[in-house]
Amino acid sequence: MDNPERMSHVIGIDLGTTNSCVAIVEGGTPTVIANKQGYKTTPSIVAITETGERLVGQIAARQSITNPLDTAYATKRLIGRDFDSEEVRTAQAHVPYRITGGRAGDVRVVLRGKEFSIPEIAAIILQEMRIVAEDYLNDTVDQAVVTVPAYFSDSQRQAVRDAGLIAGLDVLRIVNEPTAAAIAYGFHRGEDKTIAVYDLGGGTFDVSIVRVTRDGTFRVVATTGDSFLGGEDFDERVMEWLLEAFEAEHQVSLRDSPVAMQRLRQAAQKAKCELSTELQTEIQLPFIVTEGPTGPLNMHYRMTREQLEGLTEDLIERTIEICEHALKHANLGSHGVDEVVLVGGQTRMPAVSRAVSKHFGKAPSKSIHPDECVAVGAAIQGAAMLRQIEDVNLEDVTAHSLGIATAGDVFDPIIRANTRVPCRVPSLFTTSRDGQDRLKIVVLEGESKRASENQRLQEFALAGLRSAPAGSVEVEVAFTIDEDGIFSASAKDLETGQETRIEITADGGLSAQELQQLSDEHAEYLELRRGEELLEGLRQSAETLIADLERALDRLGALVKKSPEAQEAEELAREVVTRAKPQLAKASRGELAEHLVLLEDAARQIDPFAR
């Protein structure tokens with residue numbers, strides 16, 4: 001696959017909850033890359049079959065009804081979370097596959113009896129996107145810009161970085177999804193605008209206020225969101241409506257049948273999508289129960305768009321409340337943006353578009369593709385980082401406040417949410433006890449005024465403080481965030497100059513040893529997969545050549561008179577085809593290469609006589 005004249009490739013990957021997408025910039029123009037099935041998005045689904053085979057994307061989705069316990073989907077909602085969190089408990093109640101806790105209190109899924117960390121599941125999807133790009137480019141790809149929801153915490157971002165490492169990708173930068181969409185929207189547009197990016201995807205919701213300038217600067221003014229609000233929640237509302245209707249009609253519950261629940265989930269998703277274009281839809285699932293009290297039971301209900309909107313009205317309202325919060329951070333009114341850009345598949349729902357139009361006072365823009373624009377923006381950012389294109393300057397902000405715990409369970413923010421990065425912010429603190437010689441610093445991330453309600457990132461200490469009365473020793477605590485979102489912190493006794501400096505690295509749930517082991521395993525898988533695809537490519541080439549030769553032999557055989565040269569070419573071609581044809585299915589890579597050489601030589605010799 002490696003090309004000796006290889007140029008450096010960097011791909012943009014939108015690692016989505018429901019679907020993932022990959023794009024690249026070629027000759028200054030972004031291109032969304034289709035997978036082998038011809039689709040430009042790939043379902044973010046991973047399955048393990050009875051034989052231990054790994055399935056990803058459309059092929060995994062197709063077998064999910066017959067293999068629900070070993071098919072993992074919507075795992076992005078679990079990445080970087082603590083196993084004992086409310087979000088994980090909610091997920092456990094709604095998915096058929098098993099979710100368990102890992103060594104570090106992280107989340108694992110169990111497929112065919114084997115535990116997979118969530119970063120590993122994400123890595124499998126990222127690796128699939130890498131393979132899609134490599135097939136398209138016919139070259140190796142090992143650099144990427146990967147997107148995440150703007151409201152992802154540092155732990156979630158670190159888990160995505162870990163996923164990239166496992167997938168064998170050098171993640172040049174992690175970009176917020178609405179920021180990537182803004183880049184796709186404003187690329188080469190050549191005008192100054194303030195836009196609101198409303199991003200409602202399968203599992204998460206973000207809204208960012210972005211100033212786009214004609215010189216290619218993308219300045220994020222404010223961002224906020226909910227990392228557990230998305231299309232999955234809309235699906236759940238439809239499922240619950242169907243379950244309750246069925247239980248009321250038949251006094252039979254489907255909740256304990258993984259196969260029935262998976263069929264129901266797919267039907268709910270289909271109905272939701274159909275109601276974006278139709279006013280009503282039929283939901284029919286024959287034999288949803290094969291052995292009911294009086295025999296098999298079928299499901300047949302009609303749902304209207306009005307009913308769907310009633311079931312999900314509060315979810316849409318939550319997104320509008322978050323939009324208002326972002327506008328306040330940006331010091332703008334609801335009519336203070338020039339354009340609203342919709343991103344994510346759930347924005348196709350008419351009620352969503354209506355609510356956005358009403359709140360912002362204008363119809364949303366339809367100038368970019370809601371499913372593809374995030375990957376496009378990531379690819380543009382990657383190309384800009386390699387200086388393959390000009391005039392792209394990204395200025396982003398932090399989504400969460402970063403600070404420390406102080407006495408009385410108080411959270412003292414040092415870097416507040418929506419502070420532009422990179423940044424360095426110092427803050428002064430004093431000792432709280434007489435003779436205190438050590439200052440413990442607990443670094444937190446979040447928005448609650450109570451320290452205990454925020455995410456704990458790290459703890460470190462400044463020791464050897466001079467003995468003095470309480471309040472007389474001043475310590476400067478400074479937090480720094482670079483443009484890649486990496487935190488570092490330092491604490492310094494201002495009188496003595498003694499300083500402690502650490503890098504705050506959130507734990508994505510995997511140890512360095514686990515990461516290395518998984519990276520090695522997935523590198524082996526990638527090489528095996530590349531070898532299999534090369535073998536299949538050689539086999540297909542040989543089959544094509546044989547078919548061409550057989551057609552040429554038919555034409556040559558129809559000739560009444562043939563020269564000795566033509567007869568010789570015909571005999572050679574028949575012999576080569578006869579020998580190669582039965583061996584193709586089991587031939588090795590070397591054997592296929594030998595057959596190809598002989599077939600190509602026979603084709604060259606017979607071609608002048610069979611035209």
Side-chain angles (χ1 to χ4, degrees), residues 14-19 44 73-82 85-95 107 118 147-153 155-157 159-160 176-181 196-209 222-241 265 268-269 272-273 276 308-329 340-356 359-360 364 370-371 374 399-400 417 446-448 455:
D14 173 10
L15 178 63
T17 304
T18 306
N19 293 294
S44 301
Y73 58 86
T75 52
K76 179 179 171 182
R77 301 188 108 185
L78 306 173
I79 198 164
R81 296 192 185 275
D82 294 330
S85 67
E86 181 182 348
E87 292 86 356
V88 173
R89 286 192 292 272
T90 299
Q92 283 179 305
H94 291 102
V95 299
V107 184
I118 305 303
T147 62
V148 298
Y151 214 60
F152 255 22
S153 68
S155 296
Q156 290 173 301
R157 292 167 189 270
V160 172
N176 292 332
E177 289 166 5
T179 306
V197 181
Y198 177 102
D199 184 356
L200 184 59
T204 61
F205 172 69
D206 293 309
V207 59
S208 291
I209 310 301
T223 191
T224 188
D226 185 333
S227 60
F228 210 80
L229 171 60
E232 290 283 328
D233 301 294
F234 288 71
D235 297 342
E236 290 293 342
R237 295 292 174 87
V238 179
M239 284 184 68
E240 192 60 33
W241 183 83
R265 179 175 298 280
Q269 290 173 339
K272 181 190 73 174
C273 293
S276 289
L308 173 63
E309 291 176 356
L311 291 172
T312 58
E313 183 179 9
D314 63 308
L315 299 177
I316 297 172
E317 184 56 36
R318 276 170 61 191
T319 70
I320 298 302
E321 290 170 1
I322 293 170
C323 288
E324 184 62 30
H325 190 56
L327 288 167
K328 285 180 180 177
H329 271 295
V340 183
V341 178
L342 298 184
V343 180
Q346 192 58 48
T347 61
R348 288 187 172 88
M349 184 176 178
V352 170
S353 183
R354 286 201 312 271
V356 172
H359 183 71
F360 288 96
D371 298 328
V374 171
H400 299 278
E447 309 309 321
S448 175
Q455 178 79 27

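Each residue takes its place number in the sequence, starting with 1. Side chains are part of it too, since the values below use all heavy atoms of this structure and drop only hydrogens, waters and symmetry mates.
We find the CZ-OG1 distance between R77 and T18 to be 8.5 Å, quoted to the nearest 0.5 Å. Atom CG of residue D14 and atom CG of residue N19 lie 9.0 Å apart, to the nearest 0.5 angstrom. Atom NZ of residue K76 and atom CG of residue L15 lie 6.0 Å apart, to the nearest 0.5 angstrom. Atoms CZ and CG, from F360 and L327 in turn, are 5.0 Å apart once rounded to the nearest 0.5 Å.
The side-chain hydrogen bond (donor to acceptor under 3.5 Å, both in side chains) analysis of residues 310-319, with sequence neighbours excluded, yields the pairs Y198-T319, D226-R318, R237-D314. Residue pairs that meet the salt bridge (Lys or Arg N to Asp or Glu O under 4.0 Å) test with at least one member in residues 320-329, sequence neighbours left out, do not exist here.
Under the rule for a side chain to side chain contact (heavy atoms under 4.5 Å, CB included), the partners of A351 that lie at least two apart in sequence or sit in another chain are E309, I316, M349, R354. With sequence neighbours excluded, the residues forming a side chain to side chain contact (heavy atoms under 4.5 Å, CB included) with P364 are L342, S353, V356, S357, listed by chain and number. A search for salt bridge (charged side-chain N to carboxylate O under 4.0 Å, His left out) contacts involving R265 returns E232, E236, not counting sequence neighbours. Shown here are the side chain to side chain contact (heavy atoms under 4.5 Å, CB included) partners of A181, two or more places apart in sequence or in another chain: V197, V343, C373, V374. Shown here are the side-chain hydrogen bond (donor to acceptor under 3.5 Å, both in side chains) partners of S153, two or more places apart in sequence or in another chain: Q156. R89 pairs by the salt bridge (charged side-chain N to carboxylate O under 4.0 Å, His left out) definition with nothing, not counting sequence neighbours. For V95, the side chain to side chain contact (heavy atoms under 4.5 Å, CB included) partners at least two apart in sequence or on another chain are Y73, Y97, I99. In this structure, H94 has no ring-ring contact (aromatic ring centres under 6.0 Å, His included) partners at least two apart in sequence or on a different chain. S85 meets the side-chain hydrogen bond (donor to acceptor under 3.5 Å, both in side chains) test with no other residue; sequence neighbours excluded. Residues passing the side-chain hydrogen bond (donor to acceptor under 3.5 Å, both in side chains) test with T224, sequence neighbours excluded: none.
With no hydrogens or angles considered, a side-chain donor-acceptor pair links R81 and S227 at under 3.5 Å.
D206 contributes no side-chain N or O that, together with a main-chain N or O of P178, makes up a donor-acceptor pair within less than 3.5 Å.
Annotation: side chain of W241 is not in contact with side chain of L308 (no heavy-atom distance under 4.5 Å). When side chains are defined from C-beta on, N176 does not count as touching T147, because their heavy atoms never get closer than 4.5 Å.
The ring of Y151 has its center closer than 6.0 angstrom to the ring center of H400.
Taking each heavy atom of Q455 and S155 in turn, the nearest pair found is NE2-OG, 3.7 Å.
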